[in-house]
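Read through the structure below, which is laid out as structure tokens, and then see the notes.
The structure presented is a predicted model; accordingly, all values stated were derived computationally and were not measured. Just the heavy atoms: all of them, side chains too, but no hydrogens, waters or symmetry mates, feed the values below.
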Amino acid sequence: MKLTEKPLLNNALLISICTPQFKGEEAKQSLAELARLVTTLGFKVVGTQSQKQTSTQKMSVLGAGKLAEIAHITGNQGEGTDADTEDFFDETDFDDIPSENLPFGCADVVVFDCDLSPSQLRNVENQLGVQVYDRTGIIIEIFSRHARTRTARLQVEMARLNYVAPRLRESSIGDSERQMGKGSGETSLELDRRKVRDQLAELRRELDSVQDELKGRRAQRSELFCVALVGYTNAGKSSMMRALTGSEVLVENKLFATLDTTVRALYPETQPRILVSDTVGFIKKLPHDLVASFHSTLAEAHDASLLLYVVDASDPTFRTQLDVVHEVLGEVGVDGIDKLLVLNKSDQLTPEQQQALMEEFPDAMMTSTRNPLDVAKLHQYIVNASEKGMIEEELIVPYDAKGIMGEIRSSMSVVNEEYDYDHMKLTVRSSAIDLARLKKLMSNVLNENDSEGSHSK
């Protein structure tokens, strides 16, 4: 099965390898997250198994006894029974289900909560007789399904090909033909690998072109105040984006429901406009190829004036998730930008829990996107932050200065207006850059008016 094809397999068994560096609560939380990931792909988790190992580097990953147990669960050759597996897994409990309690052949796909080498994948599949995924394969599969824009599709396809390339295998037909002397030149495996290299080169060229376009668009927005929502996947960023901008963006209780960066104006609109962008969510052990390929997507965060770190405050693991966000943003060079921690989904907390969190994070803001007052409070915070770097100045604008008022209304906040016989006196609040550009525009317009007046005489 190709990685990007929708799998026909439904029942997944999750495997956790506990090592001295990865064990206890950390391993349990990671396995719970893996369950949500495979559920996002449409799999049903029928059970979990774990084994302690010194590392994840063994050729068969697991011990012979554990592999035999799992082979029973997969039906040895993947031939399942008609047993009903609906009640074997409770997504809130990730303790191992004893293998004898799982019906023979009830799992038709196995997912490891770690990365496996191509040879490890091959060895395990041979012994279990079913499709085997590792954690990176699952994440890339989700990204492949959910990418919508041209940029995201290009980036994900590059990550997918980088993942697939070392896992390509020689077909039995290609092998037998060469052994019988019927084949010549490159093997089918060599041809496949060359094809992947050519595809990657073409994708890089196309992505460079698209990124140049995006860089131009960001340059056009560079003078506006931009807010970027960043955070762990499923923290509620899309719900917050919809609440702050009034736009219809996909909101779904799934990991990586949205991958593409969305940019909208803050609503109710301000003068000048404030832009809000919703970036791709982060996750533990995000594959390096995806971190690299989404560098341009995260450029929205890199160019932002304010970062809103959105966390699901009702999730007891959000502190660890916040560490992941800091780590990934550090990898792409996002630093020195004003930040606000937003403790989201407060409606799922008791008053005592809310108070404890505010004592722990006194500079954070407690919100629920379902509470209009919370949304209004966050909206006002953003507006106040945008005005910190503004300066206030009084302008004299003649009535015959064409186009000047339109420029002022679109890019500045008008604090006060007074009307005289031949001019307006405006007190405006604006950035120094916009103010300098307006003064230059006014000077040009007034010079043109003077020139037209002298010619008419």
Side-chain angles (χ1 to χ4, degrees), residues 3 6-19 22-52 56 61-62 66 69-70 73-74 80 83-99 101-103 106-116 121 124 128 130-146 231-236 252-257 259 281-287 290 311-312 314-321 324 345 348:
L3 190 67
K6 185 174 182 179
L8 301 175
L9 312 169
N10 294 313
N11 300 323
L13 178 71
L14 309 187
I15 310 293
S16 175
I17 308 296
C18 298
T19 67
F22 182 73
K23 59 186 177 181
E25 192 61 29
E26 182 184 7
K28 189 173 181 179
Q29 290 174 7
S30 184
L31 195 62
E33 185 171 83
L34 182 66
R36 293 195 295 274
L37 286 167
V38 298
T39 301
T40 296
L41 279 180
F43 293 137
K44 183 201 306 178
V45 178
V46 295
T48 64
Q49 293 285 298
S50 64
Q51 187 174 49
K52 293 180 180 179
T56 59
V61 194
L62 299 165
K66 179 61 74 173
E69 287 181 34
I70 296 171
I73 300 170
T74 61
D84 182 9
T85 61
E86 186 71 33
D87 299 324
F88 281 101
F89 176 74
D90 176 357
E91 66 176 12
T92 63
D93 183 6
F94 294 95
D95 294 328
D96 282 1
I97 298 174
S99 57
N101 291 351
L102 289 169
C106 70
D108 47 22
V109 64
V110 171
V111 184
F112 281 80
D113 190 27
C114 59
D115 287 340
L116 302 181
L121 275 172
V124 175
L128 301 183
V130 296
Q131 179 78 33
V132 175
Y133 284 102
D134 62 5
R135 186 182 178 93
T136 292
I138 289 291
I139 294 173
I140 289 178
E141 176 71 22
I142 293 173
F143 272 57
S144 297
R145 299 241 197 119
H146 290 188
Y232 213 71
T233 182
N234 210 36
E252 204 171 347
N253 188 27
K254 285 184 178 179
L255 301 187
F256 299 115
L259 289 181
F282 304 129
I283 195 168
K284 290 177 192 170
K285 307 178 194 172
L286 187 66
L290 284 176
V311 299
D312 177 358
S314 66
D315 187 337
T317 67
F318 83 80
R319 295 166 186 80
T320 306
Q321 296 174 357
V324 173
K345 303 188 183 182
Q348 298 178 26

Before you tell me yes or no, could you show the steps for Asp113 and Ser30 under side chain to side chain donor-acceptor pair (under 3.5 Å), namely the whole-Å CA-CA distance, both residues' side-chain angles and the distance that decides it to 0.1 Å? CA-CA 7 Å; Asp113 190 27; Ser30 184; 2.7 Å; yes
Show the numbers, then the answer: is there a side-chain contact (heavy atoms from CB on, under 4.5 Å) between Thr74 and Val130? CA-CA 7 Å; Thr74 61; Val130 296; 3.8 Å; yes
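Under the 4.0 Å criterion applied to side-chain N and carboxylate O atoms, Glu69 and Lys66 are assigned as salt-bridge partners. Using a 4.0 Å cut-off between a side-chain N of Lys or Arg and a carboxylate O of Asp or Glu, Arg135 and Glu33 qualify as a salt bridge.
Minimum heavy-atom separation, Phe22 to Ser16: CE2-OG, 4.4 Å. Of all heavy-atom pairs between Phe43 and Ile138, the closest is CE1-CD1, 4.2 Å.
Among Val61, Ile15, Leu62, the single residue meeting the side-chain contact (heavy atoms from CB on, under 4.5 Å) criterion with Val124 is Val61.
To the nearest 0.5 angstrom, Ile73 atom CD1 is 5.0 Å from Leu13 atom CG. Atoms CZ and CG, from Phe112 and Leu34 in turn, are 11.0 Å apart once rounded to the nearest 0.5 Å. Expressed to the nearest 0.5 Å, how far OG1 of Thr40 lies from CD1 of Ile142 amounts to 5.0 Å. How far OG1 of Thr320 is from OH of Tyr232: 8.5 Å, rounded to the nearest 0.5 Å. For the atom pair Gln51 CD and Thr19 OG1, the distance stands at 12.5 Å (nearest 0.5 Å). Atom CZ of residue Arg145 and atom CD1 of residue Ile140 lie 13.5 Å apart, to the nearest 0.5 angstrom.
One N or O on the side chain of Asp108 and one on the backbone of Asn11 form a donor-acceptor pair closer than 3.5 Å.
Thr136 and Asp134 share no donor-acceptor pair across their side chains, judged by distance under 3.5 Å alone.
Partners of Asp312 under the salt bridge (Lys or Arg N to Asp or Glu O under 4.0 Å) rule, at least two apart in sequence or in another chain, are Lys345.
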